[in-house]
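Heads up, the thing below is written out as structure tokens.
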Amino acid sequence: MKIGYPCINWSMDCRGNKTFRLKSYSEERLIDTVENNLDCLEEMLRYNIEHDMLFFRITSDLVPFASHKINEFDWQSYFEERFGEIGKLINKNDIRISMHPDQFIVLNSTKDDVVERSIAELDYHADVLDLLGLDSTHKIQLHVGGVYGDKRKSKDRFVRRYEQLDEKIKKRLVIENDDKSYTLKDCLDINEMCGIPILFDTFHHQVNNSGEEISEALGMVSKTWDKKDGLPMIDYSSQEPDEKDGKHAESVDEEDFREFINSSKPYDFDMMLEIKDKEKSALKAVKILKKDSRFFKN
DNA sequence: TCACGTCAAGCAGAT
DNA sequence: ATCTGCTTGACGTGA
């Protein structure tokens with residue numbers, strides 16, 4: 001089991017997700033920003049290695065406007081070597097990477113232009129992982145998308161679009177159960193139709209489910225991950241006390257975390273802590289797991 | 001230095 | 001109709 005956190009490390013003074021306004025776009029600004037973001041990515045990875053956190057989500061803002069039509073710069077070639085260096089660091093230390101394109105990426109949209117932009121954005125995410133020289137165990141996680149008043153048709157549309165994707169995207173794409181529309185069961189239906197692996201989000205499942213217990217759910221998702229996909233990835237979070245249902249915790253609830261770990265037996269997976277205070281909670285999780293040799297092998 | 005209006009993009013649900 | 005939340009506020013202008 002590897003432990004990680006998404007995108008930002010608050011205890012470091014660099015930010016790897018710097019961006020700028022479309023109005024301020026220039027090639028120079030893009031180059032400067034990507035340079036900064038890659039430098040910070042490397043620093044965060046070194047911090048993570050130092051602290052036994054070998055799972056990390058790279059921000060979608062790594063290359064701002066990467067898939068926007070304003071961007072005609074060949075950033076892939078320009079930064080090829082730098083990506084290669086960072087990729088070596090990742091592979092050498094056996095770090096696992098995920099990416100999570102944001103809410104505007106809707107593969108099953110009923111609008112052609114939305115689908116087109118979504119595929120361009122997925123292509124960018126795949127480029128990042130390819131430039132880093134990472135194999136198909138490094139994933140791009142996506143929600144199924146909109147429902148449009150007819151979930152069955154919308155699932156079918158997802159499957160159709162998935163099957164048409166370029167292999168470079170397809171080999172990395174996984175779907176994640178969400179907190180309002182597509183449950184674990186919906187994702188399993190889609191998996192049955194096209195074989196796409198399912199990334200299990202524990203907190204979304206808590207909010208939106210069909211009654212499956214944690215270990216039952218883990219058993220079902222584990223079967224959707226092939227050898228070439230690696231160990232299943234999961235997103236873990238818990239409810240922030242005194243906030244409305246579905247609000248992610250500010251800091252890990254250690255009791256809830258221990259309980260989850262206990263109820264997850266005997267399954268193994270890599271775990272992303274989607275908790276607001278990022279690396280602080282991930283560090284606590286590592287500390288807890290180190291006491292349980294079943295999980296920590298490094 | 002700080003306040004604050006606004007930011008590429010979609011969708012669902014609440015108000 | 002408009003606002004809010006989503007994996008994450010933070011950019012950039014004006015005073």
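Side chains included, hydrogens not; waters and symmetry mates left out as well; all remaining heavy atoms used. In what follows, chains carry the letters A, B, and so on, assigned in the order in which the sequence lines appear, proteins first and then strands, with residues in each chain numbered from 1.
Counting only residues at least two apart or on different chains, no disulfide (SG to SG under 2.5 Å) pair has a member in residues 54-90 of chain A. The side-chain hydrogen bond (donor to acceptor under 3.5 Å, both in side chains) analysis of residues 19-31 of chain A, with sequence neighbours excluded, yields the pairs A:Y25-A:N71.
Using C1' as the reference atom, B:dA9 and C:dG5 are 16 Å apart when rounded to the nearest Å. Taking the P atom of each, C:dC6 and B:dC2 are spaced 28 Å apart, rounded to whole Å. Nucleotides B:dA8 and C:dG12 are separated by 10 Å at their P atoms, to the nearest Å. The P atoms of C:dT8 and B:dC7 are separated by 22 Å, rounded to the nearest whole Å. Comparing B:dT1 with C:dT7, their C1' atoms sit 31 Å apart, to the nearest whole Å. Comparing the same atom, P, in B:dT6 and in C:dT4 gives a spacing of 14 Å after rounding to whole Å. B:dG10 sits 23 Å from C:dA10 when the P atoms are compared, rounded to a whole Å.
Counting any heavy atom pair closer than 4.0 Å across all strands shown, A:R117 reaches sugar-phosphate atoms only and no base atom. Among the atoms of the strands shown, base atoms are found under 4.0 Å from some heavy atom of A:F65. Backbone-only contact: A:S109 has heavy atoms under 4.0 Å from sugar-phosphate atoms and none from a base. Within 4.0 Å (heavy atoms only), A:E274 reaches sugar-phosphate atoms of the nucleic acid but no base atom. Contacts of A:S24 with the nucleic acid, taken as non-hydrogen atoms under 4.0 Å apart, involve only primed sugar atoms and P, OP1 or OP2. Contacts of A:T19 with the nucleic acid, taken as non-hydrogen atoms under 4.0 Å apart, involve only primed sugar atoms and P, OP1 or OP2.
Summarising the geometry, the separation between NE2 on A:H125 and C1' on C:dT7 is reported as 11 Å, rounded to the nearest angstrom. Per the geometry, CG belonging to A:L30 stands 14 Å off C1' belonging to B:dA8, to the nearest Å. Separating the CD atom of A:Q103 from the P atom of C:dT8 is a distance of 11 Å, rounded to the nearest angstrom. Across the protein-nucleic acid pair, A:K23 atom NZ and B:dT6 atom P stand 10 Å apart, rounded to whole Å. What separates CG of A:D178 from P of B:dG10 is a distance of 18 Å, to the nearest Å. Atom CG of A:N108 and atom C1' of B:dG10 are 11 Å apart (whole Å). Protein atom CZ of A:F56 is 11 Å distant from nucleotide atom C1' of C:dT8, rounded to whole Å. Between the CD atom of A:E116 and the C1' atom of B:dA9 there is a distance of 13 Å, given to the nearest Å.
Regarding contacts with the backbone of C:dT7, a side-chain N or O of A:H143 is found under 4.0 angstrom from either OP1 or OP2. Side-chain N/O atoms of A:K247 include none lying less than 4.0 angstrom from OP1 or OP2 on C:dG5. Residue A:K18 places at least one side-chain N or O closer than 4.0 Å to OP1 or OP2 of C:dC11. Taking 4.0 angstrom as the limit, A:R29 places a side-chain polar atom (N or O) nearer than this to OP1 or OP2 of C:dG12. The side chain of A:H204 contributes no N or O atom lying less than 4.0 Å from OP1 or OP2 of C:dC6. Close to C:dT7, at under 4.0 Å from its OP1 or OP2, lies a side-chain N or O of A:H248.
Between A:R117 and A:D113 a salt bridge is recorded (basic side-chain N to carboxylate O distance below 4.0 Å).
Closest to the side chain of A:K180, from the set C:dT8, C:dA10, C:dG5, is C:dG5. You'll find that the side chain of A:I105 is closest to B:dA9, out of B:dG5, B:dC11, B:dA9. If you check B:dA12, C:dA10, C:dC11 against the side chain of A:F20, the one that comes closest is C:dC11.
Figure legend. B:dA8 is base-paired to no nucleotide; pairs are counted as Watson-Crick or G-U wobble with both atom distances under 3.5 Å. Using N1 to N3 plus N6-O4 or O6-N4 for Watson-Crick, or N1-O2 and O6-N3 for G-U wobble, each under 3.5 Å, C:dT8 pairs with nothing.
With DNA chain C read from its 5' end, the first of the two nearest nucleotides for A:D102 and A:R15 is the one closest to A:D102.
When only modelled atom types and interatomic distance are considered, A:H100 and A:E176 share a side-chain donor-acceptor pair under 3.5 Å. For the residue pair A:S11 and A:N9, a side-chain donor N or O sits within less than 3.5 Å of a side-chain acceptor on the partner.
In this structure, A:F104 does not count as stacked on the base of B:dG10 under the 5.5 Å centre distance and 30° plane angle limits.
Between A:Y236 and the choices A:F257, A:F55, A:F203, A:F269, the ring pair (Phe, Tyr, Trp, His ring centres under 6.0 Å) rule is met once, by A:F257.
Taking the six-membered ring for Trp, A:Y5 and A:W10 have ring centres at least 6.0 Å apart. A ring-centre distance under 6.0 Å is not found for A:H138 and A:H125.
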